[in-house]
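First the structure, in the form of structure tokens, and then the observations on it.
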2 protein chains.
Amino acid sequence: MSTATKAVIRTGRKFEQVLQGARQVFMTDGYEGASVDDIAKAAGVSKATLYSYFPDKRLLFMEVARSECDRQAYETAEPTDFNAPPRDILRLLGRKTLEIITSEFSQRIFRICVGESERFPELGREFYQTGPLEGRRRLSEYLRRSCARGELQIEDFDLAADQFIELCRVDIFPRVILGVDTEFSQAEIDRVVDGAVDMFMARYGT
Amino acid sequence: MSTATKAVIRTGRKFEQVLQGARQVFMTDGYEGASVDDIAKAAGVSKATLYSYFPDKRLLFMEVARSECDRQAYETAEPTDFNAPPRDILRLLGRKTLEIITSEFSQRIFRICVGESERFPELGREFYQTGPLEGRRRLSEYLRRSCARGELQIEDFDLAADQFIELCRVDIFPRVILGVDTEFSQAEIDRVVDGAVDMFMARYGT
DNA sequence: ATGAAACTGAACCGATCAGTTTATAGTCGC
DNA sequence: GCGACTATAAACTGATCGGTTCAGTTTCAT
């Protein structure tokens with residue numbers, strides 16, 4: 001998987017070093033903002049070495065961005081006890097969702113994917129699948145089981161899952177992504193999450 | 001308001017021309033992507049003239065971006081007959097919301113505000129206020145009146161307004177902003193809007 | 001120890017870009 | 001017609017950046 005890019009990539013001792021430096025610089029400076037010299041410096045590697053591994057800046061960026069998209073899918077996976085009542089589960093998942101949204105890492109990768117989705121169309125797609133779509137898949141799965149248990153009554157599971165996640169981002173997400181605020185009080189979080197749970201249960205509770 | 005920036009900006013015959021050219025180029029190419037030469041050409045003006053009006057590229061951009069933020073507030077204002085039943089009103093407002101979100105103009109300005117909110121922190125704030133906050137204010141106002149009429153029962157009007165708007169963006173917004181899709185069938189739109197109205201009424205209906 | 005492959009550092013190339021300058025020319029009131 | 005103002009095209013400056021080249025050094029398997 002990591003060498004999926006048409007065998008462009010040579011082997012060598014410092015390969016991982018280059019990738020690590022690129023990751024760091026790209027994630028903080030974006031594609032245009034990052035200079036290859038900076039990346040080489042951050043990686044502790046000469047520019048010639050860098051260019052012996054990757055044919056150009058574009059491909060280096062894509063390799064980094066794609067691996068970061070994958071990372072978010074794995075990082076956000078977390079085992080949960082699904083035997084509690086739906087209200088409790090949802091409140092938990094809501095808090096977790098907000099944690100992810102407001103995390104430094106998610107903000108950065110989202111910002112980069114939005115910013116570069118015109119220059120790198122596959123990138124937006126990749127992020128959509130490993131992010132929102134994966135989140136929906138997991139929640140949808142839970143909703144299905146909870147419904148089978150008779151705790152909820154849902155017709156369109158994907159819609160319901162998306163709705164809940166969206167409800168958890170109320171006001172917080174725009175503020176984060178537009179740089180208005182970066183941190184939020186527990187009261188703010190509770191207001192949104194509890195509001196989401198109340199609304200969800202009013203609609204789909206039995 | 002338009003000359004709020006420390007009186008840096010001169011007046012003159014071609015002032016509006018410059019602004020118009022800058023608007024066009026910045027909105028399609030972003031801040032970094034736009035070259036001053038391109039802007040001067042698009043404005044039909046010499047670079048020297050451009051620089052006689054604006055001291056540098058940054059200020060020119062900020063003037064454009066701020067005026068575009070204001071524009072979105074005015075463009076999205078539209079008189080509506082608020083005497084119909086809430087379900088109908090909400091369905092209408094939901095469709096309108098989706099129209100705005102999927103419009104070329106909103107996408108561009110949102111993308112630019114997100115992308116440049118680190119370089120221009122005031123920009124993110126400005127967009128947040130003329131966009132999400134203004135949308136909330138209007139809907140919240142309606143909800144208040146509708147509640148007074150006994151059609152709805154709401155405790156936190158701002159929260160309820162944000163929730164409804166957020167519900168209307170379900171799945172559509174991420175796909176738009178990540179460049180996964182640009183157009184949506186009426187069926188997709190109806191599914192989301194009707195889902196939002198159903199949920200909202202289940203929670204706040206009397 | 002040797003030889004090939006990997007790596008270094010620095011110089012270099014061509015291009016782009018923000019911003020300045022200069023020399024020229026149109027346009028106004030008076 | 002004259003002087004003050006405004007505009008223009010084009011050349012120029014200084015800096016940055018992506019990418020290349022190359023002479024010399026390090027690493028490492030044999």
Side-chain angles (χ1 to χ4, degrees), chain A residues 2-3 5-65 112 115-116 118-120 123, chain B residues 3 5-66 112 115-116 118-120 123:
Chain A
S2 61
T3 57
T5 32
K6 310 169 220 151
V8 184
I9 294 153
R10 254 186 48 234
T11 49
R13 319 198 307 273
K14 310 218 164 176
F15 179 82
E16 207 49 52
Q17 241 181 82
V18 172
L19 223 56
Q20 176 50 41
R23 198 163 7 239
Q24 180 198 309
V25 177
F26 276 135
M27 290 295 277
T28 57
D29 295 353
Y31 180 75
E32 285 279 17
S35 85
V36 178
D37 294 83
D38 284 353
I39 293 172
K41 196 166 293 179
V45 143
S46 78
K47 210 158 55 139
T49 302
L50 186 154
Y51 274 105
S52 83
Y53 285 122
F54 296 92
D56 60 20
K57 193 186 177 187
R58 273 188 69 91
L59 247 75
L60 177 54
F61 176 76
M62 278 183 48
E63 191 64 23
V64 167
I112 283 182
E116 307 300 343
E118 287 179 293
R119 205 193 316 264
F120 302 91
L123 185 54
Chain B
T3 55
T5 32
K6 311 167 217 151
V8 183
I9 294 154
R10 248 191 52 234
T11 47
R13 314 204 309 275
K14 309 224 164 176
F15 178 83
E16 207 50 52
Q17 236 181 88
V18 172
L19 220 58
Q20 177 51 39
R23 196 158 13 235
Q24 181 197 310
V25 177
F26 275 135
M27 289 296 276
T28 58
D29 296 353
Y31 180 74
E32 285 278 17
S35 85
V36 177
D37 292 85
D38 284 352
I39 293 173
K41 195 167 293 181
V45 142
S46 79
K47 212 157 58 134
T49 302
L50 185 154
Y51 273 104
S52 82
Y53 286 119
F54 296 93
D56 61 17
K57 192 187 176 186
R58 274 188 68 93
L59 247 75
L60 177 54
F61 176 77
M62 278 184 47
E63 192 64 22
V64 167
R66 233 165 11 95
I112 283 181
E116 307 300 343
E118 285 179 293
R119 204 194 316 265
F120 302 91
L123 185 55

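Proteins come first, then strands; the chains are lettered A, B, ... in the order of their sequence lines, and each starts at number 1.
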Closest non-hydrogen atom pair, I112(A) against G30(A): CD1-CA, 4.4 Å

Pairwise salt bridge (Lys or Arg N to Asp or Glu O under 4.0 Å) hits with a residue in residues 40-61 of chain A, at least two apart: D37(A)-K47(A)

Spacing of K14(B) atom NZ relative to dT8(D) atom C1', expressed in whole Å: 8 Å

Geometric class of the Y31(A)/F26(A) ring pair [parallel <30°, tilted 30-60°, perpendicular >60°]: parallel

Under 4.0 angstrom between T49(B) side-chain N/O and dA7(D) OP1 or OP2: no

Geometric class of the F54(B)/F15(B) ring pair [parallel <30°, tilted 30-60°, perpendicular >60°]: parallel

Of residues 17-26 of chain A, the positions that come close to DNA chain C - non-hydrogen atoms, cut-off under 4.0 Å: none

Distance in angstrom units between K41(B) NZ and dA18(C) P, rounded: 13 Å

Q17(B): partners by side-chain contact (heavy atoms from CB on, under 4.5 Å), with sequence neighbours left out: K14(B), V45(B)

Partners passing side-chain contact (heavy atoms from CB on, under 4.5 Å) against A42(B) (at least two apart in sequence or in another chain): Q24(B), V25(B)

Where protein sits on nucleotides 13-30 of chain D, one letter per nucleotide: B base, S sugar-phosphate only, - none, heavy atoms under 4.0 Å: ----SBBBBB----S---

dA6(C) OP1/OP2 closer than 4.0 Å to side-chain N/O of Y53(A): no

Partners passing side-chain contact (heavy atoms from CB on, under 4.5 Å) against S46(B) (at least two apart in sequence or in another chain): A48(B), T49(B)

Atom-to-atom span, CZ of F54(B) to P of dA18(C) - whole angstrom: 15 Å

Which atom of A34(B) lies closest to which atom of I39(B), heavy atoms considered: CB-CD1, 4.5 Å

